[in-house]
Asks: 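What follows is a structure written as structure tokens; I'll ask about it next.
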Amino acid sequence: MMKTYHRFILQIVLSILLISCESNDKQSDSTMESPLRGSDTVYCDESIFTCINNSMPIYQKAFPDAHITLFSKNARSSMAELFSEKTKSIIVARNYLSDEDSLLKQSGNSFQKIHIANDGLVFFVSKEFPIDTLNINQLTEYISGKNRLSFYFPKLNSEPLLLIPGAQSSEYANSISFFPQLSKTAKDIAKFIDSKDSIVFEVLKGKSIGLGYLSYIQKNPLLKSLRIGYIDSLGNRIPPQIVHQGFIIQKKYPFGIPIIAYLREKRQNLPWGFATFMEKDPNIQKVLLDCGLIPVFAKYNLIQED
């Protein structure tokens, strides 16, 4: 009788332990991070935040167990969050700055990069601005301070000021990559204004040139992007074209820029799943394209207009 009783108690204990183990396994499965499940904070370049944020409902519907919190920050601050290990991933509209690249080389580390889309760095003016076309030499001399635009275009009543959306912005970083001399001449020919809307307000007065992204200004009927003629890497002369996504795709515009997801860890975790979905999902690509970006994996049918 006593043996039967002990056997009964043992069976109860084993059953409780088994149920407990199964409960722990289920809890572990529900909280374990995977490319399709978990929680993460992603810092996003404020210059492209609206476009990326517009696509979030598609992602959230596709992966209800994945919880991505998107925060808007300037590109430099977003990179700082990644380097300081405060986030596993960021999305910014530029490559590394020289000091960031040096830090990675010194540490022997590297981040995984996923190229999501492209945009165009543009010099934009009001519709009434007296000029609409520059060649690369004129633009370079203007930025380097070697010559005034009014020297080439006497119809300009005054020398235009270049308005840049913040020294920590990806717009400024990209402009430095194309025109390194701007880092020295900015104090003379440019003004930093953190608010893009404030830059547009000033540009509409007709006396300034704004620096921005095509995705931001292309749908504003009161603005126009300056056409740029240049010599490509093969030595071919590329005539000034209407600044349009199609010409960026064809590499007939000199200032195309990348939208990149930087991942701190080189493994297939939630940040990787999020970034690759943003990169390749057709519905996401449509949202980004409608917003003015140029998805890397989209297929395009280009029609030449007369």
Side-chain angles (χ1 to χ4, degrees), residues 42-64 66 68-75 78 89-94 113-127 165 169-171 174 195-197 199-200 203-204 210-227 241-262 271 273-305:
V42 177
Y43 290 94
C44 181
D45 187 338
E46 61 189 1
S47 298
I48 54 162
F49 177 80
T50 297
C51 293
I52 301 300
N53 195 47
N54 285 352
S55 66
M56 287 303 293
I58 296 173
Y59 175 78
Q60 292 166 345
K61 184 177 180 180
F63 305 107
I68 297 291
T69 302
L70 207 63
F71 275 110
S72 175
K73 279 197 171 189
N74 65 55
S78 296
S89 60
I90 63 173
I91 300 175
V92 295
R94 66 166 172 81
K113 297 168 66 172
I114 295 178
H115 190 175
I116 294 174
N118 293 299
D119 205 338
L121 184 72
V122 298
F123 296 85
F124 65 93
V125 294
S126 69
K127 282 287 187 182
S169 68
S170 58
E171 289 94 334
N174 283 312
S195 168
K196 292 186 291 184
D197 290 342
I199 290 179
V200 170
V203 165
L204 290 176
L211 184 71
Y213 291 142
L214 180 61
S215 60
Y216 177 69
I217 66 99
Q218 67 173 355
K219 294 181 180 179
N220 190 326
L222 302 178
L223 301 172
K224 63 183 178 182
S225 298
L226 294 175
R227 307 181 187 192
Q241 312 280 359
I242 295 174
V243 185
H244 184 272
Q245 292 163 304
F247 289 113
I248 296 176
I249 294 169
Q250 298 176 75
K251 301 187 183 302
K252 292 185 178 180
Y253 181 72
F255 309 130
I257 60 100
I259 313 297
I260 300 174
Y262 291 85
F274 173 66
T276 53
F277 189 77
M278 298 293 291
E279 174 195 25
K280 296 178 180 178
D281 180 74
N283 294 319
I284 295 285
Q285 292 170 0
K286 185 179 185 307
V287 171
L288 297 182
L289 188 64
D290 289 344
C291 192
L293 299 181
I294 306 162
V296 169
F297 268 83
K299 294 182 179 180
Y300 302 97
N301 294 319
L302 301 177
I303 300 174
Q304 186 69 44
E305 296 181 353

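No hydrogens, no waters, no symmetry mates; every other heavy atom, side chains included, goes into these values. For this chain, numbers begin at 1 and follow the sequence in order.
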Asks: Measure across Gln285 and Glu279 and return the closest heavy-atom pair with its distance rounded to 0.1 Å.
Replies: NE2-O, 3.3 Å

Asks: Look up atom NZ in Lys196 and atom CD in Glu171, then write down how far apart they are to the nearest 0.5 Å.
Replies: 6.0 Å

Asks: Determine whether Gln218 and Ser225 satisfy the following criterion, side-chain contact (heavy atoms from CB on, under 4.5 Å), listing intermediate values before the conclusion.
Replies: CA-CA 8 Å; Gln218 67 173 355; Ser225 298; over 6 Å; no

Asks: Testing the basics here: between Val296 and Asn118, what is the closest heavy-atom pair and its distance to 0.1 Å?
Replies: CG2-ND2, 4.0 Å

Asks: Would the Phe274 and Phe63 ring centres measure less than 6.0 Å apart?
Replies: no

Asks: Rounded to the nearest 0.5 Å, how far does CZ of Phe123 lie from CG of Leu211?
Replies: 5.5 Å

Asks: Could you check whether any side-chain heavy atom of Asp281 comes within less than 4.5 Å of a side-chain heavy atom of Phe297, counting everything from C-beta outward?
Replies: no

Asks: Taking all non-hydrogen atoms of both residues into account, name the closest pair between Ile248 and Gly256 and its distance.
Replies: CG2-CA, 4.4 Å

Asks: Where do His244 and Leu214 come nearest, in terms of heavy atoms and distance?
Replies: C-CD2, 4.0 Å

Asks: Which is it for Tyr213 and Ser170 under the side-chain hydrogen bond (donor to acceptor under 3.5 Å, both in side chains) test, yes or no, and what are the steps along the way?
Replies: CA-CA 10 Å; Tyr213 291 142; Ser170 58; 2.7 Å; yes

Asks: Which value, rounded to the nearest 0.5 Å, describes the distance between Ser215 atom OG and Leu293 atom CG?
Replies: 5.0 Å

Asks: Kindly assign one of parallel, tilted or perpendicular to the pair Phe71 and Tyr43, based on the angle between their ring planes and the thresholds 30° and 60°.
Replies: parallel

Asks: In Å, rounded to the nearest 0.5 Å, how long is the span from OG of Ser126 to CG of Leu223?
Replies: 7.5 Å

Asks: Hey, mind stepping through Gln250 and Gln241 against side-chain contact (heavy atoms from CB on, under 4.5 Å) and telling me if it holds?
Replies: CA-CA 11 Å; Gln250 298 176 75; Gln241 312 280 359; over 6 Å; no

Asks: Within a radius of less than 6.0 Å around CD1 of Ile242, do more than 12 heavy atoms belonging to other residues, nucleotides or ligands occur?
Replies: no

Asks: Is the closest side-chain heavy-atom distance between Ile116 and Ile91 below 4.5 Å?
Replies: yes

Asks: Could you tell me whether the side chain of Asp119 reaches within less than 4.5 Å of the side chain of Ile294, counting heavy atoms only?
Replies: no

Asks: Relative to Phe124, does Lys224 satisfy both conditions: NZ or CZ under 6.0 angstrom from the six-membered ring centre, and within 45 degrees of the ring's axis?
Replies: no

Asks: Just wondering, are more than 12 heavy atoms of other shown residues or ligands nearer than 6.0 Å to NZ in Lys286?
Replies: no

Asks: To the nearest 0.5 Å, what is the distance between OG on Ser55 and CG on Leu288?
Replies: 5.5 Å

Asks: Ile259 and side chain to side chain contact (heavy atoms under 4.5 Å, CB included): which partner among Ile48, Asp45, Val92?
Replies: Ile48

Asks: How long is the straight-line distance from CD1 of Ile52 back to CD1 of Ile284, given to the nearest 0.5 Å?
Replies: 8.5 Å

Asks: Counting C-beta onward and ignoring hydrogens, is there a side-chain heavy-atom pair between Arg94 and Ile257 closer than 4.5 Å?
Replies: no

Asks: Would Thr276 and Ile114 count as a side-chain contact (heavy atoms from CB on, under 4.5 Å) if you check the C-alpha gap in whole Å, the side-chain angles of each, and the deciding distance to 0.1 Å?
Replies: CA-CA 7 Å; Thr276 53; Ile114 295 178; 3.7 Å; yes

Asks: Closest approach of Ser169 and Pro165, non-hydrogen atoms and distance?
Replies: CB-O, 2.9 Å

Asks: Take Tyr216 and Val200 through the test side-chain contact (heavy atoms from CB on, under 4.5 Å) and record every step on the way to the result.
Replies: CA-CA 10 Å; Tyr216 177 69; Val200 170; 3.8 Å; yes

Asks: State, yes or no, whether a side-chain contact exists between Phe255 and Asn174 at a heavy-atom distance under 4.5 Å.
Replies: no

